[in-house]
Each structure stands twice: as C-alpha cells, then as structure tokens.
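The sequence lines fix the lettering, A, B, ..., with proteins before strands; numbering per chain opens at 1. All figures in this text were calculated on a predicted structure; none of them were measured in a lab.
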Amino acid sequence: MIRITDMTLSCIAAFRPSAGPLKKLHALLAVLGSDYIEMPAEVYETIRPVSPDKIVLRIGTPDEAALYPEITRFVCRMNGLLSSPGITREIQMNDVKELSFFGPGDGSQNVRVVGLDDILCHDYESAFQKLQSRVRGRVEFCPENSYSCATAAALEWIAAGGADLAASFGGLDGKAALEEVLLALRIVRRHRPTASYEILPQIALAVEEITGVRFPDRKAVIGRSIFNVESGIHVDGILKKPQMYEPFMPELVGRKRRLIVGKHSGRKSIAAKLRELGYASAEFDVARLLSAVRAESVGKMTSLTDEEFKEIAEKHRL
Amino acid sequence: MKPIKYIVDTTMRDGEQTPGIAMSTEQKLRIAQILDSAGVYQIEAGIPAVSAMEMDTIRAMTARRRHSKISVWNRLVLDDVKKSVDCAPDIIHISTPVSYVLIYSKLNKNKTWVSKNLEVCVDYAQSRGFEVTVGFEDASRADITFMAGLARQLKDMGVGRIRYADTVGVLSPSRTFGAVREIIDYAGIEVELHAHNDLGMAVANTILGAKAGANYLDTTVLGLGERVGNCDFLKLIQAAHDLFDLGITRYDAGRAQSDIAEILSLS
C-alpha cells in the first residue's frame with residue numbers, strides 16, 4: 001500500500017494566488033489521483049465549496065481543527081507532547097544526525113518527517129527502520145531536495161517498507177517532485193500500472209500561471225523538450241522501436257516526440273524529417289543535404305527549425 | 001580519508017547530443033580548458049567518426065590539455081575505432097549495446113556478435129598502445145549475467161574499466177547499488193557509472209553506484225544530455241563532497257559551470 005499526499009497547494013500558497021487559478025489547479029490535481037490533497041486553511045476557504053473527502057488541512061495550531069468539523073485529517077507543526085487525534089504532527093529534520101534526537105512524542109500519533117535531504121549519503125536503510133520502529137502511528141516521509149536526491153529518497157522509503165509519502169508538483173518549495181515520484185514508482189515498482197498521466201502538462205501550465213516561473217525545458221517528466229531527439233544514433237533506434245531510447249512513451253505524460261535536425265543528425269534522421277514534412281526522400285541528395293544541415297547548425301550553434309530545414313532541402317533536390 | 005572517485009565529464013559528447021546544442025571547435029577547446037583547470041579527471045571529448053572537424057577538435061584538445069585525460073567515444077565499429085586511433089587521445093572508449101532490445105532489435109545481431117566484435121575492436125586499439133574502456137549501453141535493462149560474463153571477458157583481455165550506462169534513466173538507487181556490486185564481485189573490474197535523469201534520480205543513483213564501488217562517475221555541466229539529461233556535474237559535487245574526494249572543490253565546480261554556461265549561452 002502506497003499513500004501519497006499532494007502538497008502542491010500548500011507550497012504554492014506563498015504566491016498568494018487568487019480564487020480562479022487556485023480552483024483550476026485544485027481540479028487538475030484531483031484528476032491526477034493522489035490519495036490526499038493538502039492545503040492550508042486559507043486556500044480551503046478560498047476554493048470552498050469543495051468535497052472534504054481527500055483533504056488534509058494544514059493548520060497553524062491544533063485548536064484550529066475544531067473550526068473545520070467536516071474535515072477529518074489535519075497536519076500541524078507542533079510539539080510532540082500535544083497529542084490530538086486526527087492531527088499529523090510535522091517535524092523538520094535538516095540532516096540525518098537529527099534522527100538521534102527524535103523523540104516519538106506519545107508514540108501513537110501520526111508523524112510527518114520533512115527534510116532528511118542527505119539521507120541517501122548515509123546508511124538510509126537503518127535510518128528508515130529507526131523512524132518506523134519509534135512511531136506506532138503512521139510515518140509519512142516528505143524528503144527535501146537540497147542534495148538533488150528527494151525523489152530517490154522517496155522511492156527508497158517505499159522500498160524500505162514505508163507507505164506514506166508527501167511531495168509537491170514540480171518540486172515546489174524544495175520538496176520531492178510529485179510527477180517524478182509517480183513515474184518512478186510506476187517504472188521501478190509497477191505502481192498504478194494503468195494510470196494515465198497525460199494531464200501533467202496542463203498542471204504544469206496552471207502552476208506556471210500562478211508562480212510566473214516557467215519550468216525548465218529539460219525538467220524530468222514535465223519538460224517541454226525531453227522527447228526531442230536529434231542525435232543520429234538515437235533517431236535510428238527510435239524510428240525502429242521507440243522504447244529503445246525512451247524510458248516511457250511521451251503520450252503517457254501528455255507529450256509528443258519531436259524529431260530535430262542539426263549537427264548530430266544522421267542520414268536516417270534527414271530522410272525521416274523529409275517524410276515528416278511531406279517530401280519524398282528519394283527526390284533529394286540526402287548525403288549532401290546532411291552535410292549542409294550539419295554545417296548550418298554548427299554555424300548558428302543550435303539545431304534547425306523546420307522552416308530552415310525546408311529552405312536548405314530545396315537546394316538539394318535531385 | 002574519504003574514498004577517491006574520478007569525475008568523467010561528458011558534456012562534450014553526451015551533453016552535446018542534447019537537441020539544440022551544437023558546439024564549435026573553439027567552444028569545445030575553451031570548455032576543455034575550464035574542465036581541465038577545475039580538476040576533472042577525464043574529459044570525453046566527442047565522437048571522431050562524426051566528422052573531420054570533430055577529429056581536428058579532439059587532436060587540438062589533446063595537444064593543449066594539462067592534467068585531464070582526453071577520451072573519445074566509439075560505436076562498436078572498427079572503422080570508427082580507426083578514426084579514434086588517428087586522433088591519438090589518452091583513452092579510447094568503445095560502446096556496445098548490452099540489452100537484448102538493442103542487440104536484437106536495433107543492431108539485428110546477437111550476443112556472440114557483440115563478444116567477437118569487442119575482441120576485434122578492443123584489440124585493434126590496445127595493440128596500438130591505447131587504454132581502452134568499454135561502455136555497456138542500456139545496461140540497466142540488460143541481463144546481469146550476460147553483462148557480468150562480458151565484463152570478465154574484457155578483464156581477461158586487459159580492459160581495466162567498463163561503463164555501466166543507464167541509457168534511458170530507469171534505475172533506482174538500490175538497483176544501481178546492487179548491479180554495480182554484482183559486476184565488481186563477479187568480474188573484479190573497475191566500474192564507471194553513467195546515469196540519466198529521466199526520473200529525477202541521476203545524482204542519487206550516481207552516489208549509490210559510487211558507494212557500491214564504482215570509482216568513475218560520469219557527469220555533464222548543467223546536466224545536459226539526451227532527453228532530460230545526465231548526472232549534473234555541480235549537483236553531484238555539492239551532494240557528494242562530504243562522502244568522496246572528487247578532486248574538485250564545490251567552488252571550482254560552480255565557477256566552471258557558470259563559465260561554461262556563458263560559452264554555450266545557457267543560463
């Protein structure tokens with residue numbers, strides 16, 4: 001059993017989004033199908049009415065829980081001695097040494113551990129066991145990414161018998177990137193093998209609309225250019241059988257493969273590009289066209305657009 | 001004492017395969033100089049078989065470098081290896097597919113063909129005095145027993161190091177650890193780890209591979225590379241500097257990255 005809490009709405013609240021974009025983002029995240037969707041009380045107030053079923057409400061102090069009788073799950077940064085049923089106690093641990101100070105509180109409460117950025121540099125299997133053995137309630141792990149290892153730490157937590165994970169879309173606020181965790185669980189552990197993730201680009205747009213920051217083009221899983229192929233050696237393989245050089249089909253995450261021509265193209269890529277643009281490759285001197293494409297690409301220090309390619313191709317008709 | 005690990009930077013080979021990136025000779029020479037000064041152990045300079053220009057670039061790079069070893073990448077094709085020999089680098093790297101999907105569907109060959117061709121190509125380069133390393137392409141989807149056997153064959157031929165390439169980026173940290181351990185235990189050969197970041201785990205997988213005994217770690221500046229890219233040079237050094245002696249300080253790595261980003265007009 002794996003249970004995932006989507007923390008995106010908590011992590012994006014600092015951008016003070018207005019009701020429209022928030023409602024849209026919440027609806028898209030609901031389609032993605034995480035087990036729980038966490039949001040701060042102010043976001044909940046903004047997007048109401050909304051079904052409370054999957055909601056985990058982030059509150060500032062335990063007594064705020066009483067204001068929301070319709071909600072059954074809360075998360076709160078609080079002292080371990082204050083025990084309240086239904087409230088997950090959130091603890092920050094900035095590095096693995098802090099595990100030795102970890103007091104279990106009354107031991108029966110549900111706990112979320114945030115941080116442990118460096119855990120994979122240490123004996124993480126023992127550390128995970130220690131965490132699980134000191135708490136009788138659920139332990140949810142929310143790894144943070146200052147060591148660029150958060151997704152991997154999340155995956156190893158599951159491999160070590162952990163069940164509960166928290167992550168945010170795009171890795172907002174330094175958490176593990178939810179979309180990476182989902183795809184990694186799918187590929188490495190065959191988790192939710194038939195789920196579709198084609199909604200991811202829409203979520204990325206909704207998040208970008210709120211943060212005003214575009215995700216990098218090569219960002220794992222959601223980057224716009226990650227299914228571009230240029231090098232001859234990979235194009236050759238992909239034309240024969242896509243899974244040769246792709247970890248998963250682009251369509252799984254709502255993208256399409258794009259053939260790019262440039263310095264690294266081979267003859268087969270040129271022929272394929274001609275076909276894609278509706279030309280008959282037999283009508284062209286492909287070898288000389290390839291040399292011209294490579295030279296042009298080196299000259300402008302990047303690959304060619306389809307328009308630039310067409311222009312050069314016309315000069316190499318047989 | 002922290003264990004010593006060697007950075008093999010492939011910004012100019014796998015990094016250059018990033019769609020949209022095309023490096024000129026001048027850019028490559030400046031990048032090599034920066035990586036050399038920063039303390040990178042080995043620079044994978046490019047693919048000689050690509051063009052005469054690429055070969056000239058590699059020759060110039062080898063002539064100018066001070067400390068770094070210059071290596072070149074080859075397909076398992078004798079004519080390609082001959083071009084590499086002409087470039088006179090320090091190390092000739094020969095890459096062979098090892099997964100059944102690549103051997104049977106892409107090459108339309110079989111395991112025996114791989115083994116025999118490796119013998120021919122490796123021998124050609126070795127008999128001309130070159131250090132040869134062999135790349136296991138798509139190792140993460142390959143049969144571990146086939147790879148371990150191949151590694152032992154290569155070791156017997158005098159190859160000191162194989163590259164374990166997670167070509168499509170599907171490894172997890174614990175799987176990386178297990179695979180590297182198994183190859184080292186069985187074949188007693190040095191392992192170089194080559195990770196891709198498709199699932200956002202390239203840095204973590206590289207760290208776990210190093211913990212398992214891989215002493216050579218592949219990186220690219222800014223994590224350039226096919227699709228999502230490779231293990232990010234600076235991020236790896238930042239994450240692993242407490243664990244390993246990588247021969248490069250975080251400060252120098254950061255400076256090298258920003259200088260190279262400027263040369264490539266990338267932010």
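- Residue-level contacts of residues 194-205 of chain B with chain A, in order of numbering, are B/N197, B/D198, B/L199, B/G200, B/M201, B/V203, B/A204; threshold 4.5 Å between heavy atoms.
- The line from SG of A/C121 to CG of B/D242 is 7.5 Å long, rounded to the nearest 0.5 Å.
- Within 6.0 Å of atom CD in A/E98, more than 12 heavy atoms from other residues, nucleotides or ligands are found, so the atom counts as buried in its surroundings.
- Ranked by heavy-atom pairs shorter than 4.5 Å toward chain A, the options B/R175, B/Q238, B/R227 are led by B/R227.
- For a residue to count as touching a neighbouring chain, one of its non-hydrogen atoms must lie under 4.5 Å from one of that chain's; by this rule A/Y245 touches chain B with backbone and side chain alike.
- Taking CE of A/M301 as the start and OG of B/S265 as the end, the distance is 5.0 Å to the nearest 0.5 Å.
- Here B/K211 contributes atom NZ and A/H122 contributes atom NE2; the two are 7.5 Å apart, rounded to the nearest 0.5 Å.
- Residue A/E308 places its CD atom among more than 12 non-hydrogen atoms of other residues, nucleotides or ligands, all under 6.0 Å distant.
- In terms of heavy-atom pairs under 4.5 Å with chain B, the best-connected choice from A/R189, A/R258, A/R218 is A/R218.
- With a 4.5 Å cut-off on non-hydrogen atoms, A/R294 touches chain B through its side chain but not through its backbone.
- Of the charged side-chain nitrogens involved, at least one lies within less than 4.0 Å of a carboxylate oxygen, so that B/E54 and A/K263 count as a salt-bridged pair.
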Can you list the steps and then say if B/V228 with A/F227 is a side-chain contact (heavy atoms from CB on, under 4.5 Å)? CA-CA 8 Å; B/V228 175; A/F227 293 102; over 6 Å; no
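- With chain B as the partner, the residue from A/I187, A/I260, A/V181 showing the most heavy-atom pairs under 4.5 Å is A/I187.
- In terms of non-hydrogen atom pairs under 4.5 Å with chain B, the most contact-rich of A/E180, A/E179, A/K300 is A/E180.
- Counting heavy-atom neighbours within 6.0 Å of A/R192 CZ, excluding the residue itself, gives a total above 12.
- Only the side chain of B/Q27 comes within less than 4.5 Å of a heavy atom in chain A; its backbone stays farther off.
- B/R141 places a side-chain N or O within 3.5 Å of a backbone atom of A/M244 that can act as its donor or acceptor partner.
- In this structure the side chain of A/V229 never reaches within 4.5 angstrom of the side chain of B/P19, judged on heavy atoms.
- Checking B/D166, B/T167, B/V170 one by one against A/P247, the side chain to side chain contact (heavy atoms under 4.5 Å, CB included) holds for a single residue, B/V170.
- With a threshold of 4.5 angstrom between heavy atoms, A/A177 does not approach chain B through any atom at all.
- Here the side chains of B/L236 and A/Y147 are not in contact, with every heavy-atom distance at 4.5 Å or above.
- Heavy-atom distances place both the backbone and the side chain of A/L120 under 4.5 Å from chain B.
- Between A/C149 atom SG and B/K235 atom NZ the span is 11.0 Å, to the nearest 0.5 Å.
- The candidate with the highest count of non-hydrogen atom pairs below 4.5 Å against chain A, out of B/L264, B/D232, B/L208, is B/L208.
- Heavy-atom neighbours of A/E251 CD from other residues, nucleotides or ligands within 6.0 Å: above the threshold of 12.
- Atom CD of A/E230 and atom CD of B/E226 lie 8.5 Å apart (nearest 0.5 Å).
- Judged as a side chain to side chain contact (heavy atoms under 4.5 Å, CB included), and not counting sequence neighbours, the contacts of B/P97 are B/L102, B/I103, B/L107, B/E137.
- Note that the CG atom of A/L185 and the OG atom of B/S172 stand 10.5 Å from one another [nearest 0.5 Å].
- Applying the 6.0 Å contact sphere to CZ of B/R250 captures no more than 12 heavy atoms from other residues, nucleotides or ligands.
- Atom CD of A/E208 has more than 12 neighbouring heavy atoms from other residues, nucleotides or ligands inside a 6.0 Å radius.
- A/H264 places no side-chain N or O within 3.5 Å of a backbone atom of B/G20 that could act as its donor or acceptor partner.
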